[in-house]
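Working notes, beginning with the structure itself.
Read the numbers this way: they start at 1 and go in the same order the structure lists the ligands and their atoms.
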Amino acid sequence: MDNLYDVIIIGSGPAGLAAGLYAARARMKTLILEKDKTGGQIVSTDEVANYPGSIQHATGPSLIARMVEQAEGFGAERKKDAVISVDFSEKIKTVTCRNEEYKAKAVIIAAGARPKKIGCPGEDKLVGKGVSYCATCDADFFTDLEVFVIGGGDSAVEEAMYLTKFARKVTIVHRRDELRAAKSIQEKAFANDKLHFLWNTTVNEIKGEGIVESIVFENLKTGEISEHAADEDDGTFGVFPFIGYDPLSELFKGKVEMNKAGYIITDADMKTDVSGVFAAGDIREKSLRQVATAVADGAIAAVQAEKYIESIG
Ligand code: NAP
């Protein structure tokens, strides 16, 4: 059976690619399935400063390109085919994709997470028309314009700093009066003249016909509602929400154990509650979601998958 693999890895971010590298290097017939783009969220990152060994302005895309080359070099196969359902009830697992059905002795779920939405009126309608979840992809469109970044964590602050290289003015809109971001990141942000802060504030609505034209804020301390309209000469501005992530685990609901937020529960060996099914990276319940922890998860999952396959003969 051509479509029978030792291991199928769902997702091609750092966790999936590390799993692919380890699995293929262990001479397992390995398939990495990716939905639309290779690399996961790290591809949207301009600078990966905290991945050990990654220095001198390493970018997310360059790191991923090297990971892909390495995994393929060891023989991992990659296919672009979106998974639509999985069946983990038999010894041989089935992964059904839009184009084909694949089977494997073990499956590693490394499907990652996606940016959370604010959920306010206008947000969905204006995605790609001023609202963006990827500074690296879209910063250029906002050259010399104004930009609002929503959130106060590492992502919001780092991406806001990146956006200052393009935008005329970048304002971080945060629902509290202090940032959640790491102190080292905060220090750089407070020293950046182009960065401004709107504290204790949330976004109630984003307005515009075909393009972002105004944004409605609520001050959570005073209850005051205010509307900021685009500068007349500009006609528009950018809105970049970076308010955390949701796991991409819908497909696996009822198939493997998850917590309330939808993150897959594993043990320290990346084993889920189903024999032969492992999870790695951001989709897993864990305390730190970083490239460093994702690749570690991927390596462990692949080694454990190999042991599992040996055990079932
Ligand atoms: P995060 O740490 O969960 O921060 C989310 C931010 O958005 C928080 O400031 C939160 O406010 C705010 N927020 C959440 N829901 C909101 C809502 N509905 N409306 C308005 N604001 C909302 O997410 P993240 O910054 O994306 O980071 C995710 C993980 O990746 C973290 O573990 C982070 O350390 C890691 N990361 C690390 C780096 C790095 O080390 N260089 C870079 C990027 C990400 P509150 O603060 O009030 O909760």
Inset, instruction - List every atom of ligand 1 that sits less than 4.0 Å from any heavy atom of G244, numbering the atoms from 1 in the order shown and giving each element. - result: 5 (C), 23 (O), 26 (O)
Inset, instruction - Before signing off on this row, confirm whether T202 and ligand 1 have an N or O atom pair separated by under 3.5 Å. - result: no
Inset, instruction - Give the atoms of ligand 1, by number and element, whose distance to some non-hydrogen atom of R289 is under 4.0 Å. - result: 30 (O), 35 (C)
Inset, instruction - Would you check the N or O atoms of G153, main chain and side chain alike, for any that come under 3.5 Å of an N or O of ligand 1? - result: yes
Inset, instruction - Over 60° means perpendicular and under 30° means parallel, so classify the ring planes of H228 and F217, tilted if in between. - result: tilted
Legend entry - Which atom of I172 lies closest to which atom of A156, heavy atoms considered: CD1-O, 4.4 Å
Inset, instruction - Going by heavy-atom distance to atom 26 (O) of ligand 1, choose the closest among S155, A292, S287. - result: S155
Legend entry - Polar contact flag for K116 and ligand 1 (N/O pairs, less than 3.5 Å): no
Inset, instruction - Before signing off on this row, confirm whether G152 and ligand 1 have an N or O atom pair separated by under 3.5 Å. - result: yes
Inset, instruction - Flag yes if I264 and Y245 sit in one hydrophobic cluster, no otherwise; membership is Ile, Leu, Val, Met, Phe, Trp, Tyr, and two members link when side-chain heavy atoms are under 4.5 Å apart. - result: no
Legend entry - Atom of T30, atom of M28 and distance for their closest heavy-atom approach: OG1-O, 2.8 Å
Legend entry - Minimum non-hydrogen distance to atom 48 (O) of ligand 1, winning option of E158, R176, R180: R180
Inset, instruction - Classify the side-chain pair K271/T266 by whether it contains a donor and acceptor separated by less than 3.5 Å. - result: no
